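Since the structure comes first, as structure tokens, the remarks are kept for the end.
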Amino acid sequence: MRRLAAVLAAAAVTAGVLTGCGGEDNWAKKCGTAGGVVECGPDQRTEVKPVSGELLDGGSYDLAQDRGKVVVVNFWGSWCAPCRAEADDLENTFQATKDKGVTFIGVNSRDDKDAAREFERGRVTYPSIYDFEGRVGLQFDVTNTAMPSTLIIDRQGRIAVAIRQATTVTQLQPLVERVAAEGNG
């Protein structure tokens, strides 16, 4: 019973934060939105505040360590059917773009750690932050995410794209490549 209460509390906090609290509404209004994708031009982008967390397989991650790279952040849970459906597309996009100065980080929420590790095993090669309570989502402040959701952070540490639904390689890869090509003239 206590575990169920903890899960429900974490879900409520995460859902409240990830559905538009904070600066999201103002951020999204100044960018273009189409079909669950918010895309911002360089002059409209919001800088991400410091983000860090414990990695699912141990160690820690700090977004600042990837400054100068394009960072794709995917919010997921092993219990989420659309998350399972998009995992191959995320991995394929990661493999296709990592040589262009792109890195990926997952953010696992509201999940059992063992179930999350098992889900990742053999599916993705990039790391994930374990964020049962949704605190990492709070650090992004501008995320409006249902599970799954994906952010593309530009080389200057600003949110360029927010995908508020499951994604596919045909949707994600061109967006990542466009952000990765900025400033590489």
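For the single chain, residues carry numbers from 1 onward in sequence order. None of these values were measured; they are calculated from a predicted model.
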Query - Criterion side-chain contact (heavy atoms from CB on, under 4.5 Å) on Glu86 and Asn74, from CA distance to verdict - result: CA-CA 10 Å; Glu86 74 173 2; Asn74 177 256; 2.8 Å; yes

Without swapping roles, check the side chain of [X] against the backbone of [Y] for a donor-acceptor pair under 3.5 Å.
X: Arg110; Y: Gly134; answer: no
X: Asp112; Y: Ala115; answer: yes
X: Gln139; Y: Ser52; answer: yes
X: Arg67; Y: Gln156; answer: yes
X: Glu47; Y: Gly157; answer: no
X: Arg164; Y: Ser149; answer: no
X: Asp131; Y: Val107; answer: no

Mind checking whether [X] and [Y] have side chains closer than 4.5 Å, heavy atoms only?
X: Tyr130; Y: Arg117; value: no
X: Val37; Y: Gln171; value: yes
X: Val161; Y: Arg178; value: no
X: Ile159; Y: Ile152; value: no

Requested in this report: Rounded to the nearest 0.5 Å, what's the gap from CG on Asn92 to OG1 on Thr170? Could you check?
Outcome: 11.5 Å

Query raised in the report: About how many Å separate CG of Asp88 and CZ of Arg123, when rounded to the nearest 0.5 Å?
Result: 8.0 Å

**Report entry** Aromatic plane relationship, Tyr126 with Phe94 - under 30° parallel, 30 to 60° tilted, over 60° perpendicular
**Finding:** perpendicular

Which heavy atom of [X] sits nearest a heavy atom of [Y], and at what distance?
X: Cys83; Y: Phe119; value: O-CZ, 4.0 Å
X: Lys100; Y: Ala180; value: O-CB, 4.1 Å
X: Val38; Y: Cys31; value: CG1-CB, 3.7 Å
X: Ser128; Y: Trp76; value: OG-NE1, 3.1 Å
X: Pro148; Y: Cys80; value: CD-SG, 3.8 Å
X: Asp111; Y: Phe132; value: O-CD1, 3.2 Å

Query raised in the report: What do the steps show when you test Arg155 against Glu182 for salt bridge (Lys or Arg N to Asp or Glu O under 4.0 Å), and what is the final call?
Result: CA-CA 9 Å; Arg155 296 179 194 282; Glu182 292 174 357; over 6 Å; no

Query raised in the report: Does a side chain donor of either Glu120 or Asn108 reach within less than 3.5 Å of an acceptor in the other side chain?
Result: no

Query raised in the report: Do we see a donor-acceptor contact under 3.5 Å between the side chains of Gln173 and Thr97?
Result: no

Query raised in the report: Which residue, Leu175, Val176, Ile163, forms the side chain to side chain contact (heavy atoms under 4.5 Å, CB included) with Thr150?
Result: Ile163

Query - Reference residue Ile105; test side chain to side chain contact (heavy atoms under 4.5 Å, CB included); the match among Val72, Val73, Leu151, Val51 - result: Val73

**Report entry** Hphob cluster co-occupancy, Phe75 + Val169, side-chain heavy atoms under 4.5 angstrom
**Finding:** no

